[in-house]
Amino acid sequence: MSKPKFQIPTGMHDILPQDQVYYEKILETAKKVFSFYDFDKIDTPILEDANLFIRSVGQNTDIVEKEMFSLKTKGKDILSLRPEGTASIVRAYIEHGFSSLPQPVRLWYYGPFFRYERPQAGRFRQFWQFGIEILGENDPIIDVQSILTMYAILHDLGLKNLMVRVNSIGDDNCRPLYRKALVKFLREKSSSLCGDCNRRAKTNPLRVLDCKNEKCQETLSQAPQSVDFLCDSCKNHLKEVLEYLDELKVPYCLDSKLVRGLDYYTKTVFEIETEKDGVRSGALAGGGRYDNLVKMLGGGDIPACGAAAGVDRIISAMKEIGAKVSFPSVPEIFFAQIGPLAKKKSLPILEDLRRANIKVGEGFGKDSLKEQLGKASRLGAKVVIILGQREALNNMILIRNMQTAKQVEVKQEDIIKEIKNVLKEQ
Ligand code: HAM
């Protein structure tokens with residue numbers, strides 16, 4: 001087969017009809033949990049001022065350095081397709097004066113996000129996320145509620161072997177000390193680290209810990225750990241987070257290498273993945289506390305915490321374990337028509353059936369009865385209603401029970417009542 005003239009852009013994918021059930025199931029499950037935990041929905045534009053992301057996600061992060069889809073408008077503004085949701089939610093929180101509402105403000109969102117990543121398994125250039133942000137509260141219980149909300153959704157979707165990885169990367173008070181110790185270590189080990197690590201050591205040293213190169217990982221296993229540098233306030237915060245997690249009996253581990261790829265985090269960071277026999281799925285959800293971001297973007301001194309989950313990755317994990325999703329119900333009734341007059345009269349009859357909440361399949365475009373009955377049996381319809389030329393002229397219609405092959409002729413005006421009777425007999 002020759003290549004089609006137009007193909008989908010690299011790193012993007014169509015969501016085909018057969019996969020829609022997964023997206024619906026995930027959204028429906030997430031909405032139930034959001035509603036229980038009292039989150040309100042917010043939608044923000046897909047495009048934002050590029051500087052919003054540069055300021056919040058960080059100039060030296062992969063997302064800003066390499067992965068933003070940016071464009072210049074006719075008015076010469078530089079806008080970017082949103083690579084993540086937190087920056088936009090904080091912008092909206094400040095812009096709409098949400099700090100005057102009772103705090104914390106709890107918001108959830110869902111939609112497509114864009115990162116110009118190197119295409120590989122689980123990494124798309126357009127992907128779907130649902131997320132939460134809780135603004136205006138610094139109690140560690142909020143960090144755990146963010147973890148729990150994501151964990152509960154993944155659990156309710158039937159995913160097994162979930163593992164929460166937690167770390168604390170400190171705050172403005174203690175992180176500079178950690179950063180200094182890490183930079184010193186990275187300088188000393190530069191000959192056993194890859195080029196990327198050496199470059200990052202200068203621009204964003206915490207991100208070096210994320211390197212996937214095995215040799216680097218070996219060297220980095222001796223790197224100083226952020227938890228050893230925490231000030232008293234950050235140490236107590238982490239201690240409380242872990243105590244709440246113990247109480248919840250959520251499976252978790254402390255991961256000293258977890259730093260996350262966005263610059264706005266303070267204190268708690270976390271990711272949730274599946275982990276079985278040492279095989280890790282990669283992050284299905286991730287988040288953390290960001291106590292400086294609202295102020296950095298021009299708002300007040302508002303602590304906050306949140307998380308987001310990758311819908312496309314969750315679907316792969318669900319498919320891998322054969323998680324249950326219910327496919328849409330098939331119509332029990334099929335409508336067949338023969339001849340031009342019957343075809344003309346068929347649309348209003350179908351409309352009556354739709355208004356009566358009766359799901360009906362039809363075979364418009366196929367004029368032979370044989371073809372239409374073939375489609376009816378492929379769909380598994382139990383009853384076929386047939387409108388032929390003679391019935392169309394006499395305002396009558398045939399109802400055929402596909403199991404018994406019994407056929408009755410009824411008045412068109414009685415069709416709803418008669419169909420309901422036939423369905424009751426099934
Ligand atoms: P993130 O870790 O960059 O965090 O993204 C959250 C989740 O989105 C990831 O765990 C992953 O499942 C999914 N994801 C990210 N990039 C891709 C991609 N290229 N293709 C497919 N899935 C992807 C954030 O975005 C933060 N805004 C989360 C947050 C909210 N932190 C605080 N509040």
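As the structure is a prediction and not an experimental result, all values here were calculated from the model. Whatever order the structure lists ligands and atoms in, that order sets their numbers, starting from 1.
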message: So for atom NZ, which belongs to K344, do other residues, nucleotides or ligands contribute more than 12 heavy atoms lying within a distance under 6.0 Å?
response: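 Counting other residues, nucleotides and ligands, NZ of K344 stays at 12 neighbours or fewer.
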query: Between F53 and T61, is any pair of side-chain heavy atoms under 4.5 Å apart?
result: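 SC-SC contact between F53 and T61 ruled out.
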Could you pull out all donor-acceptor pairs under 3.5 Å where a side-chain atom in residues 304-324 meets a protein atom, sequence neighbours excluded?
residue, atom, partner, partner atom, Å
D312, OD1, W128, N, 2.8
D312, OD2, H13, NE2, 2.9
D312, OD2, Y23, OH, 3.0
R313, NE, G122, O, 2.7
R313, NH1, A283, O, 2.8
R313, NH2, G122, O, 3.2
S316, OG, D312, O, 3.3
K319, NZ, D19, OD1, 2.9
K319, NZ, D19, OD2, 3.4

Summary of side-chain hydrogen bond (donor to acceptor under 3.5 Å, both in side chains) pairs that have at least one residue in residues 145-154, sequence neighbours excluded: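 Sorted result for residues 145-154: R106-Q145.
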message: Please tell me whether Y252 and D246 have a donor and an acceptor in their side chains that are separated by less than 3.5 angstrom.
response: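 A pair is found: one side chain offers a donor N or O, the other an acceptor, under 3.5 Å apart.
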task: Return the set of residues passing side-chain contact (heavy atoms from CB on, under 4.5 Å) with I419 (not counting sequence neighbours), or none when no residue passes.
output: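 Result, side-chain contact (heavy atoms from CB on, under 4.5 Å) vs I419: I333, L353, I358, I385, I399, I415, L423.
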task: Report all protein residues having a heavy-atom distance below 4.0 Å to some atom of ligand 1; order the list by chain, then number.
output: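 Within the 4.0 Å shell of ligand 1, which is judged on heavy atoms, sit E84, T86, Y109, R115, E117, G122, R123, F124, F127, Q129, E133, R260, L262, Y264, Y265, A283, L284, A285, G286, G287, G288, Y290, G306, A307, A308, G310, R313.
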